[in-house]
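Structure first, then comments.
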Amino acid sequence: MKFILKTTLRILLLVLLFVIPIGLFISILVLSQRDIPLWNIGIRNVMAASQNLFLPIIFSTYIFATLFAVALVDPMKVKSIFALHIPPLIAGGIILVIVIFTSGIQQKEASIRTGHLTFLRENSFNNTGNSLLYIRSKGPSLYDAYIYEKDYNNLVAATQISIGKQLRIDNNNRRILLEFENNGQKSLYIFPFKSFVHKTTLTQNRFLSFYAKQIRSLQRNIQNEYTRLPVNDARLYGLFMVLSVLMISIPITYALNDQGWGLSGIVSVFLILFLLPLIYRIIFNVIERAGGNPPFLGHYSYLFPSLIIIILGIIVDVIAKVRGRDRLASTKKAA
Amino acid sequence: MDRIKKNALLFIIVSFILVFVILFIALFIFHSSKINEQTLFVSSFKTSLAFNRALRALLSLLPPIIIFLFVTSFSVFFTLSPFQKETFAYNSVAVPSFAMLIIFLIIVIFSELFFIPLLYKKESIIEYRSIKAYKTLLYAKELYNRRDYDRTLSILDLYFEIDEKNKEAQKLYTSAMDNISKISPSLEEEDARAGTTPQGPKSYYEKGKEEYENENYYAALFYLERALKLHRDNREIQELFERSRKKAHDQLGEITRKERETKNLIQQKEKALTALDDNQLYEAYSIFYSLNKKYPDLEDINLYLHTVTEQLLKIDFLTQELTEHEWLPTIENIVFIDRRGFSNSVGRVIPDDGNFYFYDITRYRTGYNGIEMQNAKYGKWMEDKILIKNNEGFEPITEGEEELHYIYPFVHPGYLLYINDPEETGNQLTIYERLSLSDDLRRSGLPIDGRLVYLSKKLGIFFSTWVLSLFLSGLGWRRRSVYEFPPPLKLIIFSVVTPFIVYLLHLMYVGMNEIIIYSHNYFTRLVTERLNVAIWVILVNCVIAVIATLYFLAQKSGAD
């Protein structure tokens, strides 16, 4: 009992420790994937993104903290590997209560506010793919602009560009419009948000981009299924998904836990976090290729993917328990 | 130094060299395979380009390599048998490791601030020389097909400065030489027939005398006028000059129909010479040019024109020079702001041997009077500005109209070539260039970081190396292997996964540093404006570094 309570407390403390860095990391990564440059994003937008991503942040932190705690647990104190699942479930329950309690705050989606200065640096030629856009301030919300079309070596100048009138942000279509008149001739330039590429150290990393793509693809699969189901079934689906993550990751982490070399256990947490989305994607792809969920579960066929993973997790649990018993037996024999 | 410290130093140095060499070989093979030999025209450059890229990539990875080395050392290496002695103390491995970390950090600093930008520059030069070689050979072939064999040879000489071993170029050279020898006899044979031998440089007087003896009185006048300027009191020169003038006048005197023209010619020539002496080069050029057009056979006029042109080319240029260079590789479509507030777009820029040639220039300037616009076909970099023009020949620039004829960029054109690619430009700037040119480059419209933000970002890399090496070493030591030798499977997983984790943590630290830099905006708004961003970054990172250092130093020898 003492072990279960201690481990539960450890998980909760690790959640508190990691929630801010993980939250910041996820928010920034998601914002960059939405073609919003980060160099002038503003703390308000980061908070808004974090609020919108509250559930994924809490879930990611919870999983990370759980695996970290399991990787560092002393195997000598673990009487049964099946009992090792209890502290995460208790911690998860507490967190779920808090999430439900704060659900009023999450209901309203916070909007990400973008202005022209989110995308454009003043007094610089901003790269917009095929062209360069230069703006120079002439007064409050008033600019002179130069637009250079690289392919045609064509430079155009415009004066008295007013923000909101000649230069407008079209958030619905995710683009910036620049409209002006020169010598009686009207010109309209359209710059999609994604053309304003501002690279940062994190977002230009190929490995992270690949990982983010896997997560996004998985999130889409799960979200599609979740929104398709009625409310109660959707909740059950969500619950089983979370349970499946715990059931597969805890025994693998525990199997790689080694008090004789603690750091290898910590390293394995990252390995599992990397492999988990890939395992889920493989299972979803296989089910899709096989023609969808099998009908033998009847109304609950949507639980099939999570059940597969839970069963896999139980098998790993059994293997770990058997190996642990053999190890204990050989240690006793040696003694 | 005791044995354990020695072993610790040896382990770290040897494993660093091993990792460095293995990674370098892997990166070299990778980059060699990626270089397409067809696009890299000079195949002999492939090795140096691959070497350059591999070294650059490796130096960029130095921080994670160092962090990985430290983690592995404290988690695995320092638990192996050379360290399993009764006299072992944590300090025996911590102290030499700390010293090595300082040395590694110095290497990282020099890499980030100097070596990596220089490697980027070198890479850019290699790529440009390869394109230049391609264009040069192409042009040489074109000239050969046009049967301009002399020019073919001179162009091929340029080619051989880049690549001596190209067989196609060598074959073309030999063929052009053969064709020249078929068309005209060699100079040696000509000399032999004429009975002349090559001579050394002559004085003006000697040349003047030679021309006089050959009855080229005008040419003689040109040289003797020069000689007189140098030796005004020399009677021999004066006498020969008078004789040459009389002879020249006598020649003209025989042409009775053109007597007035002759007078005009002499007057114009005097006027031009006076202008030349008064350094009014444009006027002198204008007169000599028109005289040369009218009297193309008068050698002295021709020679004076040549002299004035040479003088003028120091401050002006002929459009013919730009058309002659058009075959060279160009950098296309650049745009920049200049000191007079114009936005300048340039269709093509050709750098060659320290000169910069500009083509198809458009300029705009917005102001209270509306938009000013100007076009120019040609431009050339002259000392500290770009002279632009549309017409051939030399044209004087009236005072007050300099703005219409000159572009005053903030920076040397070498830095303008990649101005529309801030990443490429930024990569090639060393710390010195960054500190001295950042402001001017930003005024030119290049969206790069200012000096302090640049320094702050580099500080993030250095602190990341420091903090993560020490913190993860401390963590690795607390959770170190207690086996005589770690289990093989776990060692393999550790060796494969840890580099990625370490790299990711390094990226996250550098990303966090960028957040610290960004938070300076709020700090200045809410607290004080006096603290600049670099100091702010140093302060915050120092706090983290102190915590990591104390954590590292506080580890113990015994098992936890």
Side-chain angles (χ1 to χ4, degrees), chain A residues 21 24-25 28 38-43 46 71-72 120-121 123-127 132 134 136 138 143-146 148-160 182-183 198-205 207-208 211 256 258-271 274, chain B residues 71 75-76 79 332-333 335-337 343-348 360 362-367 370-371 373 419-423 442-443 445-448 457 460 472 475-476 478-483 486-487 490-491 493-494 496-498 500-501 503-504 507-508 510-512 514-515 518-519 522:
Chain A
L24 212 57
F25 177 70
I28 287 171
L38 298 173
W39 61 272
N40 199 22
I41 188 76
I43 196 164
V46 174
L72 294 174
L120 300 170
R121 289 182 204 243
N123 304 316
S124 292
F125 283 102
N126 297 276
N127 195 346
L132 297 167
Y134 181 98
R136 179 164 49 205
K138 286 289 177 189
Y143 289 92
D144 286 343
Y146 298 111
Y148 180 63
E149 292 168 285
K150 289 189 225 174
D151 294 340
Y152 309 109
N153 184 32
N154 183 33
L155 181 66
V156 172
T159 57
Q160 307 295 313
N182 258 355
N183 299 327
H198 294 274
K199 293 180 183 172
T200 63
T201 327
L202 269 176
T203 59
Q204 65 182 335
N205 181 263
F207 176 72
L208 282 174
Y211 188 70
L256 292 171
D258 189 341
Q259 283 298 292
W261 188 15
L263 196 66
S264 71
I266 296 172
V267 162
S268 65
V269 169
F270 289 88
L271 178 65
F274 175 70
Chain B
V71 170
S75 184
V76 179
T79 67
E332 293 182 351
N333 300 340
V335 64
F336 61 94
I337 306 292
S343 175
N344 306 274
S345 74
V346 182
R348 289 174 296 147
D360 305 323
T362 307
R363 310 177 76 199
Y364 277 103
R365 182 165 63 178
T366 58
I371 302 172
M373 189 194 158
I419 199 156
N420 300 135
D421 188 345
E423 204 185 329
R442 281 156 67 82
R443 282 186 210 121
L446 184 68
I448 58 164
K457 285 186 177 177
L472 293 176
L475 182 66
R478 274 182 79 86
R479 303 281 172 182
R480 63 189 179 278
S481 160
V482 298
Y483 299 103
K490 286 183 180 158
L491 188 62
I493 294 173
F494 181 86
V496 168
V497 178
T498 309
F500 288 99
I501 297 171
Y503 181 63
L504 182 67
L507 285 184
M508 287 175 79
V510 171
M512 182 195 75
E514 288 179 17
I515 294 171
Y518 186 68
S519 70
Y522 295 97

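In what follows, every heavy atom counts, from backbone to side chain, and hydrogens, waters and symmetry copies are set aside. Here is the naming used below: chain letters follow the sequence lines, and residue numbers restart at 1 for every chain.
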Is chain A contacted by the side chain of [X], its backbone, both, or neither, given a heavy-atom distance below 4.5 Å?
{"X": "B:I419", "value": "neither"}
{"X": "B:D421", "value": "neither"}
{"X": "B:L472", "value": "neither"}
{"X": "B:R348", "value": "neither"}

OH of B:Y518: more than 12 outside heavy atoms within 6.0 angstrom?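 Yes, the 6.0 Å shell around OH holds more than 12 heavy atoms from other groups.
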Name the option with the most non-hydrogen atom pairs under 4.5 Å to chain A; the candidates are B:V497, B:V335, B:T362.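 Among B:V497, B:V335, B:T362, the one with the most close pairs to chain A is B:V335.
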Under a 4.5 Å cutoff for heavy-atom pairs, which residue among B:P486, B:S343, B:G476, B:G347 has the most contacts with chain A?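 Highest number of pairs under 4.5 Å: B:S343.
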Exam field: side chain A:Y146 to backbone B:F336, donor-acceptor pair closer than 3.5 Å: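 No; zero donor-acceptor contacts below 3.5 Å.
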Within the distance-only criterion (no hydrogens, no angle test), does the side chain of A:D144 pair as donor or acceptor with the backbone N or O of B:T366 below 3.5 angstrom?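 Not at all, since once roles are kept as given, no pair shorter than 3.5 Å links the two residues.
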Can you tell which part of [X] gets under 4.5 Å to a heavy atom of chain B, answering side chain, backbone, both or neither?
{"X": "A:L24", "answer": "side chain"}
{"X": "A:V156", "answer": "backbone"}
{"X": "A:F125", "answer": "both"}
{"X": "A:L155", "answer": "both"}

Taking the side chain as everything from C-beta on, heavy atoms only, tell me whether [X] gets closer than 4.5 Å to [Y].
{"X": "B:R479", "Y": "A:L72", "result": "yes"}
{"X": "B:I493", "Y": "A:S264", "result": "no"}
{"X": "A:Y152", "Y": "B:N333", "result": "no"}

List the steps and the verdict of side-chain contact (heavy atoms from CB on, under 4.5 Å) for A:N153 and B:V346. CA-CA 7 Å; A:N153 184 32; B:V346 182; 5.9 Å; no
Could you tell me which of A:N123, A:T159, A:L132, A:V267 has the largest number of non-hydrogen atom pairs under 4.5 Å with chain B?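 Highest number of heavy-atom pairs under 4.5 Å: A:V267.
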Find the distance between [atom1] ([X]) and [atom2] ([Y]) and round it off to the nearest 0.5 Å.
{"X": "A:F25", "Y": "B:L504", "atom1": "CZ", "atom2": "CG", "result": "5.5 Å"}
{"X": "A:L271", "Y": "B:F500", "atom1": "CG", "atom2": "CZ", "result": "11.0 Å"}
{"X": "A:I28", "Y": "B:M508", "atom1": "CD1", "atom2": "CE", "result": "9.5 Å"}
{"X": "B:S345", "Y": "A:K150", "atom1": "OG", "atom2": "NZ", "result": "13.5 Å"}

side-chain contact (heavy atoms from CB on, under 4.5 Å) for A:I266 and B:I501? Distances and angles first, verdict last. CA-CA 10 Å; A:I266 296 172; B:I501 297 171; over 6 Å; no
Looking at A:L263 and B:F494, what are the two nearest heavy atoms and their distance?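 Reported closest heavy-atom pair: CD2-CE1, 3.7 Å.
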